Amino acid sequence: MIYLDNAATTRVCAEAADAALYAMREVFGNPSSLHGLGIEAEKLIRYSKDTVSKALGAEPEGVVFTSGATESNNLALFGLTENYGRRKKRIVTTGVEHPSVAEAVKRLESRGYEIVRVMPDENGEITADAIFSAVDGNTCLVSAMYVNNETGYALPVERAFSRIKKAYPDCMTHCDLVQGFMKLPVRFKDLCADAVSVSGHKIFAPKGIGALVIKKGVRIAPTLFGGGQQNGIRPGTESVPLIYSFAKSVEALSPTVAERLEKVGLIRGFAVGVLAEAGAVINSKPNASPYIISAAVPKIKSETLLHFLESRGIYVSSGSACSRGKKSAVLEAFGLGGVADSTIRISMTHETTEDDILKLSEAIKEAEKSLVKINRGR
Ligand code: PMP
């Protein structure tokens with residue numbers, strides 16, 4: 001099997017799986033219980049907060065564990081607007097956000113907020129200047145993703161947010177860091193973000209765990225109400241196995257961010273060459289995150305190609321797994337609407353090899369021959 005759909009989800013690493021099993025079997029107390037088993041569970045949560053915050057250069061007190069980045073993004077958008085959006089009614093975001101931001105923003109729009117969606121320009125770029133210029137004194141919140149999940153496009157979030165914070169210190173900033181976390185060398189302080197969303201299952205932890213990392217002093221109103229866990233920001237008995245498992249995968253990855261980035265960068269360079277030779281057109285920009293390659297194989301529908309590749313044991317995605325069945329508004333926004341139907345997403349890890357990529361390109365060549373032949377026969 002050659003798995004090249006890591007932006008959709010990853011296989012759980014041994015460290016994370018072992019940690020989950022350990023917490024489930026050995027440290028199964030309720031972290032709110034006052035007895036020893038509860039205290040042991042609470043210790044694992046504290047350890048996990050330290051680990052996740054350290055990986056970002058943030059404060060452990062700012063880490064709120066959630067069920068994943070969808071929840072983190074919703075909590076950030078609704079929780080920040082509730083506290084900071086009473087008088088200021090403008091929200092700035094981009095036109096290429098993940099649905100967990102885009103749909104939440106739509107909801108806020110229906111509640112009376114004015115939404116400004118910054119779109120890519122004619123070169124497919126969203127500049128820091130464009131994001132900054134959309135913000136005014138009436139803006140309560142800016143939400144921008146770090147790396148686009150469909151194309152790998154890296155947005156200039158640090159540059160945009162630092163300018164925004166200088167000019168409008170009261171304007172809240174949120175970043176969906178899901179496709180950048182543990183892949184690009186991001187520091188919380190440099191981001192100038194008040195809240196940052198991350199997800200476990202994109203980085204070899206199980207599905208159903210993520211975090212919202214909140215800057216000290218920033219107030220996030222809860223969207224759930226209950227027993228007051230996690231300072232009441234996200235009540236509910238903490239999933240210690242998932243939390244500890246997430247922390248263990250972060251711990252395993254954080255010393256090698258730069259090393260892995262370089263390695264994947266080399267594979268990407270190799271892939272771009274062989275894929276072009278196989279007749280694919282690379283949609284992703286050269287300065288995109290190397291972990292994601294968006295490519296179009298002209299004349300073959302992406303779903304047809306996806307299943308052909310699957311029959312050869314190679315797993316990729318068509319556009320984005322999250323927009324399954326729907327024409328991608330994000331590819332359209334990037335000016336790739338014309339090739340959206342024939343676009344596949346190849347998303348790699350540090351374990352992806354040149355041999356994997358060669359097999360992919362051979363299979364694409366084979367698909368071009370046999371599928372075009374089928375089409376001719378019709
Ligand atoms: N944001 C981005 C950029 C994503 O790629 C994803 C996952 N597809 C999410 C948010 C949602 O994350 P989760 O699956 O953890 O809810």
Side-chain angles (χ1 to χ4, degrees), residues 23 27-56 58-88 91 100-101 103-105 107-108 111 113 140-143 170-178 181 188 191 193-200 205-247 250:
V27 194
F28 58 87
N30 185 321
S32 297
S33 293
L34 297 179
H35 51 64
L37 268 182
I39 290 165
E40 286 307 307
E42 171 61 26
K43 270 191 203 155
L44 291 191
I45 293 179
R46 226 176 306 140
Y47 176 88
S48 303
K49 287 191 177 184
D50 282 347
T51 308
V52 172
S53 61
K54 208 165 107 195
L56 269 175
E59 303 275 338
E61 297 76 27
V63 177
V64 174
F65 290 111
T66 63
S67 63
T70 297
E71 186 188 335
S72 301
N73 285 339
N74 276 266
L75 179 58
L77 296 176
F78 292 107
L80 285 169
T81 47
E82 184 164 330
N83 280 337
Y84 299 93
R86 293 239 166 98
R87 281 188 298 274
K88 298 179 180 184
I91 296 171
S100 54
V101 166
E103 293 298 317
V105 162
R107 190 74 177 185
L108 288 163
R111 293 180 186 171
Y113 286 89
C140 59
L141 172 67
V142 181
S143 180
D170 299 338
C171 175
M172 292 290 113
T173 48
H174 165 252
C175 180
D176 174 349
L177 185 59
V178 169
F181 185 53
F188 191 76
L191 256 185
D194 292 298
V196 168
S197 302
V198 294
S199 178
K207 292 148 192 65
I209 181 70
L212 185 66
V213 183
I214 304 162
K215 193 176 159 188
K216 203 172 181 172
V218 169
R219 289 171 295 114
I220 303 253
T223 51
L224 299 173
F225 299 87
Q229 294 91 340
Q230 303 203 71
N231 295 325
I233 299 173
R234 205 284 194 171
T237 303
E238 297 92 334
S239 174
V240 183
L242 292 177
I243 290 171
Y244 189 50
S245 174
F246 181 33
V250 168

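All values derive from a computational prediction rather than experimental measurement.
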Q.
For the backbone of Cys140 and the side chain of Tyr113, can you confirm whether one donor and one acceptor N or O come within less than 3.5 Å of each other?
A. no
Q: Using the test side chain to side chain donor-acceptor pair (under 3.5 Å), find all partners of Ser143 that sit at least two apart in sequence or belong to another chain.
A: His174
Q: Flag the pair Leu191 / Thr173 as yes when at least one side-chain heavy-atom distance between them is below 4.5 Å, and no otherwise.
A: no
**Q.** Spacing of Ile39 atom CD1 and Arg46 atom CZ [to the nearest 0.5 Å]
**A.** 9.0 Å
Q | From Ser100 atom OG to Leu77 atom CG, the distance as rounded to the nearest 0.5 Å | A | 8.5 Å
Q: Check Val250 against Ala55 and note the closest heavy-atom contact, atom names and distance.
A: CG1-CB, 3.4 Å
Q.
Just verifying a value: how many Å separate Ser197 OG and Asn74 CG, rounded to the nearest 0.5 Å?
A. 9.0 Å
(Q) Using 0.5 Å steps for rounding, measure from the CG atom of Leu212 to the OG1 atom of Thr66. (A) 7.0 Å
Q. With sequence neighbours excluded, what pairs up with Ser67 under the side chain to side chain contact (heavy atoms under 4.5 Å, CB included) test?
A. Glu71, Arg234
Q. So do Ser239 and Ile209 actually touch side chain to side chain, heavy atoms under 4.5 Å?
A. no
Under 3.5 Å, which donor-acceptor pairs do the side chains of residues 216-231 form with other protein atoms, sequence neighbours left out?
unit_1: Gln229; atom_1: OE1; unit_2: Gly236; atom_2: N; d: 2.9
unit_1: Gln230; atom_1: OE1; unit_2: Phe65; atom_2: N; d: 2.7
unit_1: Gln230; atom_1: NE2; unit_2: Phe65; atom_2: O; d: 2.8

Q | Under the side chain to side chain contact (heavy atoms under 4.5 Å, CB included) test, residues paired with Tyr47 that sit two or more places apart | A | Thr51, Tyr244, Lys248, Glu251
(Q) Quick one, Val64 and Ile214 - any side-chain contact, counting heavy atoms below 4.5 Å? (A) yes
Q. Considering residues at least two apart in sequence or located in another chain, which fulfil the side chain to side chain contact (heavy atoms under 4.5 Å, CB included) criterion with Asp50?
A. Pro60
Q | Nearest-0.5 Å distance that lies between atom CD1 in Ile243 and atom CD1 in Ile45 | A | 4.5 Å
Q) Does Ala58 have any side chain to side chain contact (heavy atoms under 4.5 Å, CB included) partners at least two apart in sequence or in another chain, and if so, which? A) Ser53, Leu56, Phe188, Val213
Q) Measuring from Asn30:CG to Glu238:CD, what's the distance to the nearest 0.5 Å? A) 7.5 Å
Q: List for me each residue that meets side chain to side chain donor-acceptor pair (under 3.5 Å) alongside Ser199, sequence neighbours excluded, and say none if there are none.
A: none
Q.
Just to verify, what does Glu40 make a salt bridge (Lys or Arg N to Asp or Glu O under 4.0 Å) with, not counting sequence neighbours?
A. Lys43
Q) For Lys54, what residues pass the side chain to side chain donor-acceptor pair (under 3.5 Å) criterion, not counting sequence neighbours? A) none
